[in-house]
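All remarks here apply to the structure that follows.
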Amino acid sequence: MSVSMTGSGEIATPVESSKSAMTWGPIFGGAAAAVGVTLILLLLGSGLGLTMVSPWSGQSSSLGTIGVTAAIWLVLVQWLSSALGGYITGRLRTKWAAVHTDEVFFRDTAHGFLSWALATVFVAGFLASSLTSLAGAGAQAVGSAAQAVGSTASTAAASSATSPVDLSTSYFTDALLRPDQARAAATSNDAAATSEVSRILLNGAAEGQIPDDDKAYLATIVSSRTGLSEADARTRVDTVLKRIDDAKVAAQKAADEARKAASTTALLGSLSLLIGAFIASAAAAFGGSQRDEEEDLLVRPRV
């Protein structure tokens, strides 16, 4: 505390308030209003979004249109709820006496920001809880399916106990024991030929390509099983392998598009939250200025 002395010798002591500059009542009120408006608008957006989806072919909007519409709606929900919550916070706060105008402006914006932060944390927790419940239900379904698959795998493993060759070495074992007369072997044992073809394709998927000798062997098996000539069988093998590569490229493209969409959503979400914080602070300052425009005068009789 600084003490100064006037020209007449009097001591001037600055006036300091013992009360906190933060008023939690308006903050909680504005946050509650923002949360309520957010939930109402989210339900309204869900209803409007369901009207854009139809199980009938040709009657639903495209996924791109639905995604853009949902993103725009979420941004509008964030901004509208922030504006309302900040404005209510600014108008409900008690007017400070003997406080500089700049300090009043700062306190109003701070109250609006805190109201926005509280509402955002509550809505984020509510959405996270809902998504966790949905994910738990999905995980339970996946767990049941995995248990069924595990039972099937155990049965298959028990039935194939006489051939305990690991899948990672089966391909190389086939290459070592591959007969010279592949056509006769493929014709005599269809199940063995099918299993060997599957292992060749799996190894090619893991390595990224199929060697030429494996392609020739596949063409021989296809020719013996289908009656095609060697050239036609080789053409069929090349066609199927190209379809496999195209499917892999399509999966990689879909994963890359999902990554880009997630990145764009995160960036737009962060920008929307920042703008929402600014709107809430500005709305609180605007509400505070309207609150301070009204002055109540106390009239006392002259003594």
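If you read the sequence from its start, that first residue is 1, and numbering goes on from there.
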Assigning hydrophobic clusters by single linkage (Ile, Leu, Val, Met, Phe, Trp, Tyr; side-chain heavy-atom cutoff under 4.5 Å), is [X] placed with [Y]?
| X | Y | result |
| --- | --- | --- |
| F286 | F105 | no |
| V35 | V121 | no |
| I279 | L80 | no |
| V75 | V77 | no |

Other residues, nucleotides and ligands only: do more than 12 of their heavy atoms fall within 6.0 Å of CZ on R236?
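Result for CZ/R236: open.
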Within the 4.5 Å heavy-atom criterion, are [X] and [Y] side-chain neighbours or not?
| X | Y | result |
| --- | --- | --- |
| L267 | S270 | no |
| I88 | L84 | yes |
| L74 | L42 | yes |
| S281 | W116 | no |
| H111 | L114 | no |

Distance, nearest 0.5 Å, that separates CZ of F113 from OG1 of T120:
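Atom-to-atom, F113:CZ and T120:OG1 are 8.5 Å apart.
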Interatomic distance, L218 atom CG to L241 atom CG [nearest 0.5 angstrom]:
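The distance works out to 7.0 Å.
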Using only heavy-atom distances, determine whether the side chains of T89 and S115 contain a donor-acceptor pair under 3.5 Å.
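On atom types as modelled, these side chains qualify, holding a pair under 3.5 Å.
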Between Q78 and T38, does a side chain to side chain contact (heavy atoms under 4.5 Å, CB included) hold up when you go through it step by step?
CA-CA 7 Å; Q78 165 70 19; T38 299; over 6 Å; no
Determine the minimum heavy-atom distance between [X] and [Y], stating which atoms define it.
| X | Y | answer |
| --- | --- | --- |
| P26 | R93 | CG-CA, 3.6 Å |
| A233 | A219 | CB-O, 3.3 Å |
| G112 | A280 | O-CB, 3.6 Å |

Show the numbers, then the answer: is there a side chain to side chain contact (heavy atoms under 4.5 Å, CB included) between D108 and R91?
CA-CA 9 Å; D108 284 334; R91 287 302 298 266; over 6 Å; no
Using salt bridge (charged side-chain N to carboxylate O under 4.0 Å, His left out), reason through D256 and R259 one step at a time and then give a plain yes or no.
CA-CA 5 Å; D256 187 63; R259 177 190 61 82; 2.7 Å; yes
Supply the members, apart from L268, of the Ile/Leu/Val/Met/Phe/Trp/Tyr cluster built from side-chain contacts under 4.5 Å; use none for a lone residue.
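For L268, no cluster forms, as it stays isolated from other hydrophobic side chains.
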Among all residues two or more places apart in sequence or in another chain, which pass the ring-ring contact (aromatic ring centres under 6.0 Å, His included) test with F28?
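Only W24 meet the ring-ring contact (aromatic ring centres under 6.0 Å, His included) criterion with F28.
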Listed partners of F278 passing ring-ring contact (aromatic ring centres under 6.0 Å, His included), at least two apart
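By the ring-ring contact (aromatic ring centres under 6.0 Å, His included) rule, F278 matches no residue at all.
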Who passes salt bridge (Lys or Arg N to Asp or Glu O under 4.0 Å) against D245, sequence neighbours left out?
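Not a single residue meets the salt bridge (Lys or Arg N to Asp or Glu O under 4.0 Å) criterion with D245.
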Tell me every residue that passes salt bridge (Lys or Arg N to Asp or Glu O under 4.0 Å) with R243, counting only those two or more places apart in sequence or in another chain.
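In terms of salt bridge (Lys or Arg N to Asp or Glu O under 4.0 Å), with neighbours along the sequence ignored, R243 is linked to no residue.
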Go through it in stages, so that I can follow the logic: the residues are L43 and L39, the test is side chain to side chain contact (heavy atoms under 4.5 Å, CB included), and I'd like the CA-CA distance, side-chain angles, deciding distance and then a yes or no.
CA-CA 6 Å; L43 290 176; L39 296 180; 5.6 Å; no
Carboxylate-amine/guanidinium proximity below 4.0 Å for D246 and K242
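A salt bridge links D246 with K242.
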With sequence neighbours excluded, residues passing side-chain hydrogen bond (donor to acceptor under 3.5 Å, both in side chains) with T235
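Applying side-chain hydrogen bond (donor to acceptor under 3.5 Å, both in side chains) to T235 gives none.
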